[in-house]
*Asks:* 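Pasting a structure here, questions to come.
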Amino acid sequence: MFSFSDNDFFARRCVWVNGPVIVGAGPSGLAVSACLKEQGVPCVILERADCIASLWQKKTYDRLKLHLPKQFCQLPKFPFPEHYPEYPTKKQFIEYLESYANHFDIKPQFNECVQSAKYDEACRLWRVKTVSANGSEVEYICQWLVVATGENAERVVPEIDGLKEFGGEVLHACEYKSGEKFKGKKVLVVGCGNSGMEVSLDLCNHDAQPSMVCRSSVHVLPREIFRKSTFELAMLLMAWLPLWLVDKILLILTWFILGNIGSYGLKRPSVGPLTLKNTQGKTPVLDIGALEKIRSGKVKVVPGIKKFNCGTVELVNGEKLEVDSVVLATGYCSNVPYWLQESEFFSKNGYPKAQFPNNWKGKSGLYAVGFTKRGLAGASADAIRIATDIGKVHKEDLKQKKQKLLAFRKLEFRQMERRVYKEKSHGLS
Ligand SMILES: Cc1cc2nc3c(=O)[nH]c(=O)nc-3n(C[C@H](O)[C@H](O)[C@H](O)COP(=O)(O)OP(=O)(O)OC[C@H]3O[C@@H](n4cnc5c(N)ncnc54)[C@H](O)[C@@H]3O)c2cc1C
Ligand SMILES: NC(=O)C1=CN([C@@H]2O[C@H](COP(=O)(O)OP(=O)(O)OC[C@H]3O[C@@H](n4cnc5c(N)ncnc54)[C@H](OP(=O)(O)O)[C@@H]3O)[C@@H](O)[C@H]2O)C=CC1
Ligand SMILES: O=C(O)C(=O)Cc1c[nH]c2ccccc12
């Protein structure tokens, strides 16, 4: 039935999966798996790391908390414990995800990195190849493929002139844990998104001297307005008002609370924060204290980088700064183009081509979860849709299988009846 070449066949083990293969055991993969369980559909999750939610467990800093209130971050069918605070800590979020996996009895295949996935037109099945930490290779064959590798699968490391000659420590925000080891050091933080802002704040709290590069523009909003989450307020307003008007209201309220951030070297984009998030996926910074450090001069905001020299950085305005270490808070990207051999549903940038809310389903049993640029809430919505969709086909398949089995049993029964009749008539004669 399968079109294996001899080499393929002997080199790797082949596994038939009776249900979907999900790539990635982050919140998105776990959510799909849980929703599938509810539909009675078995599945296999392939995860390159040795644990669930590796982004949260291995690639985030110690002081991280959820940015949005907990009701916007919980996964389907299993709420956060009631005693959790409005903004759970990273530790609490990981504990929640562990109990989520336990509750739904989800057991991913760890240490299996998906190297390639391809739809085999001949047998109308997906062929998913993995390599494990010890080098062994497995090929999974399945009817459905769910991509849950996330928007933050790989770090973005820009090429900056002279960075190789810089000489000091250079790390990406995903390797940054705490400012403890930077005490007294001059640190250049490249990027002013949520990561850049929070790393800069953390460095200040550990008596380091951060300078933060803001090469273009950024929206900074207070995390709360009138003691209510800004995100929640925005959601409420969006139910009644057009996006542009919600943006205007948010910016006016922000101006009252935070003042004119332009005077600190932080330029605001020309389009509003929610419009920018919707059109370009650029998340506004939800401020939890970095702005105060900028205002007091403890975090210095600097323009774009021209080049690095040994121990120094030269900025586009000609200024030169002495720097001990560099933290690249320059963001993340999808890794889908590296392993998924498909170009109709996914675009070259690793995101589905279609716009939200039509970006969760492709052709031939292909699905994407967690690529909406709408955080955990977006992933949960995708997961429910995907599991319902697969559940329908699976139920139909089961019905057909049952009918076929029933027809087979009837046939068997009739043959048996005939045999008994024959034997009886022989016996009589
Ligand atoms: C620092 C930070 C804070 C955030 N805070 C919030 C927040 O407060 N609220 C919110 O809504 N969103 C937040 N987000 C957005 C974030 O995208 C979600 O929180 C969430 O982690 C997305 O889940 P995911 O499962 O889609 O992706 P991930 O959590 O990235 O999980 C993907 C998994 O796929 C695995 N994987 C990748 N490639 C392969 C492969 N080839 N083979 C096998 N496995 C693979 C990875 O190892 C990983 O475990 C934050 C993001 C970051 C970086
Ligand atoms: N507590 C929380 O909930 C947190 C959530 N997050 C989320 O994680 C995701 C990723 O955030 P983050 O890691 O901040 O990444 P972002 O993609 O949001 O920000 C990247 C930053 O790096 C800058 N940058 C990129 N390349 C260069 C360069 N060559 N020179 C100078 N600057 C550069 C960008 O500038 P430009 O805009 O000019 O391209 C931008 O300011 C977001 O969705 C964010 O909301 C992150 C941290 C905490
Ligand atoms: O933190 C993130 O990456 C998110 O995507 C969360 C999020 C989704 N929509 C938003 C709008 C404003 C601020 C954060 C988010």
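Whatever order the structure lists ligands and atoms in, that order sets their numbers, starting from 1.
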*Asks:* Select the closest option to atom 11 (O) of ligand 2 among S195, P158, G193, judged by heavy-atom distance.
*Replies:* S195
*Asks:* Show me which atoms of ligand 3 lie under 4.0 Å from any heavy atom of P284.
*Replies:* 12 (C), 13 (C)
*Asks:* Between Q280, H67, M197, flag the one that comes closest to atom 2 (C) of ligand 2 by a heavy atom.
*Replies:* H67
*Asks:* For residues E95 and Y84, report the shortest heavy-atom separation together with the two atoms involved.
*Replies:* CB-OH, 3.8 Å
*Asks:* State whether the shortest distance between N or O atoms of S54 and N or O atoms of ligand 1 falls below 3.5 angstrom.
*Replies:* yes
*Asks:* Could you check atom 41 (O) of ligand 2 against the protein and tell me its nearest heavy-atom contact, residue, atom and distance included?
*Replies:* C192 N, 3.1 Å
*Asks:* Please verify whether a non-hydrogen atom of A379 lies at under 4.0 Å from ligand 1.
*Replies:* no
*Asks:* Among all protein heavy atoms, pick the one closest to atom 39 (O) of ligand 2 and tell me residue, atom and distance.
*Replies:* R215 NH2, 2.9 Å
*Asks:* In ligand 1, which numbered atoms sit nearer than 4.0 Å to a non-hydrogen atom of S28?
*Replies:* 23 (O), 24 (P), 25 (O), 26 (O)
*Asks:* Starting from atom 29 (O) of ligand 1, which protein heavy atom do you reach first, and at what distance in Å?
*Replies:* P27 CD, 3.4 Å
*Asks:* Can L64 be said to touch ligand 2, with heavy atoms closer than 4.0 Å?
*Replies:* yes
*Asks:* Give the single entry among A173, C333, S216 that approaches atom 38 (O) of ligand 2 most closely by any heavy atom.
*Replies:* S216
*Asks:* Nearest non-hydrogen contact with atom 45 (O) of ligand 2 belongs to which option: L68, T330, T60, N194?
*Replies:* N194
*Asks:* Just jot down the ligand 1 atoms closer than 4.0 angstrom to any heavy atom of C113, in number order.
*Replies:* 41 (N), 42 (N)
*Asks:* Do any nitrogen or oxygen atoms of E151 come within less than 3.5 Å of a nitrogen or oxygen of ligand 1?
*Replies:* no
*Asks:* So, does K59 sit close enough to ligand 1 that a heavy atom of it is under 4.0 Å from the ligand?
*Replies:* no
*Asks:* Is there a heavy atom in G304 that sits closer than 4.0 Å to ligand 2?
*Replies:* no
*Asks:* Heavy-atom contact under 4.0 Å between Y61 and ligand 2?
*Replies:* yes
*Asks:* Who's the nearest protein heavy-atom neighbour of atom 9 (C) of ligand 2, and how far?
*Replies:* N152 OD1, 4.3 Å
*Asks:* Measure the distances from the heavy atoms of K282 to every atom of ligand 2 and state whether one is below 4.0 angstrom.
*Replies:* yes
*Asks:* Judged on heavy-atom distance to atom 44 (N) of ligand 1, which of K65, R48, E154 sits nearest?
*Replies:* R48
*Asks:* Considering only heavy atoms of G26, which atoms of ligand 1 have at least one such atom less than 4.0 Å away?
*Replies:* 25 (O), 31 (O), 33 (C)
*Asks:* Give a yes or no on whether atom 2 (C) of ligand 1 lies under 4.0 Å from any heavy atom of the protein.
*Replies:* no
*Asks:* Mark the output for K277 as yes if a heavy-atom distance to ligand 3 is under 4.0 Å, and as no if none is.
*Replies:* yes
*Asks:* Using a 4.0 Å cutoff against the non-hydrogen atoms of L55, which atoms of ligand 1 qualify?
*Replies:* 21 (O), 29 (O), 30 (O)
*Asks:* Tell me the nearest of G196, G331, A329 to atom 21 (C) of ligand 2, using heavy-atom distances.
*Replies:* A329
*Asks:* N152 versus ligand 1: do any nitrogen or oxygen atoms come within less than 3.5 Å of each other?
*Replies:* yes
*Asks:* Counting heavy atoms only, name the option from G375, C73, G370 that's nearest to atom 9 (N) of ligand 1.
*Replies:* C73
*Asks:* What atoms of ligand 2 come closer than 4.0 angstrom to any heavy atom of E198?
*Replies:* 1 (N)
*Asks:* One residue to check: V23. Relative to ligand 1, which of side chain, backbone, both or neither has a non-hydrogen atom less than 4.0 Å away?
*Replies:* side chain
*Asks:* Counting each atom of ligand 1 from 1 as listed, which ones have a heavy atom of G150 under 4.0 Å away?
*Replies:* 26 (O), 27 (O)
*Asks:* Please work out whether any backbone atom (N, CA, C, O) or any side-chain heavy atom from C-beta onward of L68 is under 4.0 Å from ligand 3, and answer side chain, backbone, both or neither.
*Replies:* side chain
*Asks:* Tell me which part of A148 gets within contact of ligand 1: side chain, backbone, both or neither, using heavy atoms under 4.0 Å.
*Replies:* backbone
*Asks:* Determine whether any heavy atom of W56 lies closer than 4.0 Å to an atom of ligand 1.
*Replies:* yes
*Asks:* Please indicate whether any nitrogen or oxygen in H67 is less than 3.5 Å from any nitrogen or oxygen in ligand 1.
*Replies:* yes
